[in-house]
Amino acid sequence: MLVDNHNRTINYLRLAVTDRCNLRCNYCMPAEGINFVKNDKLLTIEELKQLAEILVRQGIDKIRITGGEPFVRKDLMVLLRYLTTLDGLKDISVTTNATLIGPYIDELKALGIKDINVSLDAIDKTTFERITRRDQYDTVHENLIRLISEGFNVRINFIVLEGQNEQDIIPILKVMQHYPVSVRFLEEMPFNGGSKSFQKIKWDYKAILEHIAESFPKYKKLEAPSTSTSINYQIEGHQSTFGLIPSFSRTFCGSCNRLRVTAIGDVITCLYGSPKVNLRDIIRGAEGEKGVEAAILKAIGTRAKTGFEAQEEHASVFDSSMTSIGG
Ligand code: SAM
Ligand code: SF4
């Protein structure tokens, strides 16, 4: 079991498989993209398999695949197939922009990988395409509906962006009320590759809830596991639920059970902190698996208590992009 220096059990790994993406969401990166790393700096599928295996042996029982866009990686299914064979790994999930997932839906279902988070920051096509800077709305919408109809456990991630998509908060809830999905509203974080900086946000989780309550006063709070980062609700008469994720307010650090490994193998123990160690160099070097195990234990033994504390130690954190951190 992995336990950090604040006595929090770490059982959840967010594993980024690439820093590349086919969209250019304006809250994530500049229009021209970021300096994507060279291919030889990315973990290979064999290395990703090896790291996952080590971490599961150490106590990770839940892995979310993220990126960049995971499905730009042509060999992604090789990794996913392998993960389903790991004893001790109870939960495999994927976060995706749903542009490229179409051809893989049948196999994901056959593998039993049912938890898919889809990023959809607008229900209006023009707004969506303005935010993502690409014309992929129809594909995303089609894949989203297909995932829901095929019985996947789908959660929509909607970042509330001042001046861009707040007018879609109520409409997306109205459209999704007929589907068994969770619409999760996230606070914007300043990880956009340096294109925009801010110290506070208008749309924090309280403001989002107040806004929703004006249109839907009848809602109830739902039970959630103590490690959940979202506060979940259901509106009376809706099949869907909705959630609020205080990703900028950081109210959930006390029960944080997460570890991140980026596409280049950096270990990140807090989104707001600096990378602790690089596992790619260790796994490619003489120390191999033993070195990786020791490096993970050391990183987990020196975690910041909160995202605010981590940020204090990492002055340049807001130059990063979520596509390289692995959101
Ligand atoms: N490309 C995939 C996607 O968009 O779902 C996976 C990677 S993306 C970096 C992971 C998550 O991070 C997405 O839900 C995305 O909306 C979120 N994200 C990216 N930039 C963010 C930011 N500046 N603030 C809050 N969330 C952000
Ligand atoms: Fe790509 Fe996801 Fe970042 Fe959008 S949020 S640019 S889809 S990595």
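Index from 1, following the sequence. Numbering of ligands and ligand atoms starts at 1, following listing order.
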Before signing off on this row, confirm whether [X] and ligand 1 have an N or O atom pair separated by under 3.5 Å.
| X | answer |
| --- | --- |
| Ser119 | yes |
| Asn117 | no |
| Met189 | yes |
| Glu69 | yes |

* To do: Name the orientation class of the two ring planes belonging to Phe198 and Phe248 (parallel below 30°, tilted from 30 to 60°, perpendicular beyond 60°).
  => tilted
Determine yes or no for a side-chain-to-main-chain donor-acceptor pair under 3.5 angstrom, with [X] supplying the side chain and [Y] the backbone.
| X | Y | value |
| --- | --- | --- |
| Ser215 | Ile212 | no |
| Arg155 | Phe242 | no |
| Ser93 | Asp115 | no |
| Asn153 | Lys114 | no |

* Are Ser247 and ligand 1 in contact, using a heavy-atom cut-off of under 4.0 Å? -> no
* Work out whether the distance between some heavy atom of Pro190 and some atom of ligand 1 is less than 4.0 Å. => no
* With sequence neighbours excluded, tell me which residues meet ring-ring contact (aromatic ring centres under 6.0 Å, His included) with Tyr205. => none
* With sequence neighbours left out, what residues match Phe128 under ring-ring contact (aromatic ring centres under 6.0 Å, His included)? -> Tyr137
Taking only heavy atoms of [X] into account, list the atoms of ligand 1 that are under 4.0 Å away from them.
| X | value |
| --- | --- |
| Asn157 | 14 (O) |
| Ile159 | 16 (O), 17 (C), 18 (N), 25 (C), 26 (N), 27 (C) |
| Gly68 | 1 (N), 2 (C), 6 (C), 7 (C) |

* Report the part of Val118 (side chain from C-beta onward, or backbone N, CA, C, O) that has a heavy atom under 4.0 Å from ligand 1; answer both or neither where that applies. => neither
* Backbone, side chain, both or neither: what part of Thr95 comes under 4.0 angstrom of ligand 1, heavy atoms only? -> both
* Look at Asp106 together with Arg146 and state whether they make a salt bridge at an N to O cut-off of under 4.0 Å. => yes
* Selection from Cys21, Gly67, Ala16, Cys25 by shortest heavy-atom distance to atom 8 (S) of ligand 1 -> Gly67
* Asked: Only one of Arg258, Arg303, Lys298 forms a salt bridge (charged side-chain N to carboxylate O under 4.0 Å, His left out) with Asp4, so which one is it?
  -> Arg303
* Return each pair, listed once, that meets ring pair (Phe, Tyr, Trp, His ring centres under 6.0 Å) where at least one residue sits in residues 154-188; pairs must be two or more places apart or across chains. => Phe158-Phe185
* Taking Ile131 as the fixed residue, which of Thr126, Leu161, Asp168 is the one that meets the side-chain contact (heavy atoms from CB on, under 4.5 Å) rule? -> Leu161
* **Cation-aromatic face contact Arg250/Tyr272, 6.0 Å, 45 degrees** => yes
* Using a distance threshold of 2.8 Å, what protein N/O/S atoms lie below it relative to atom 1 (Fe) of ligand 2? -> Cys21 SG
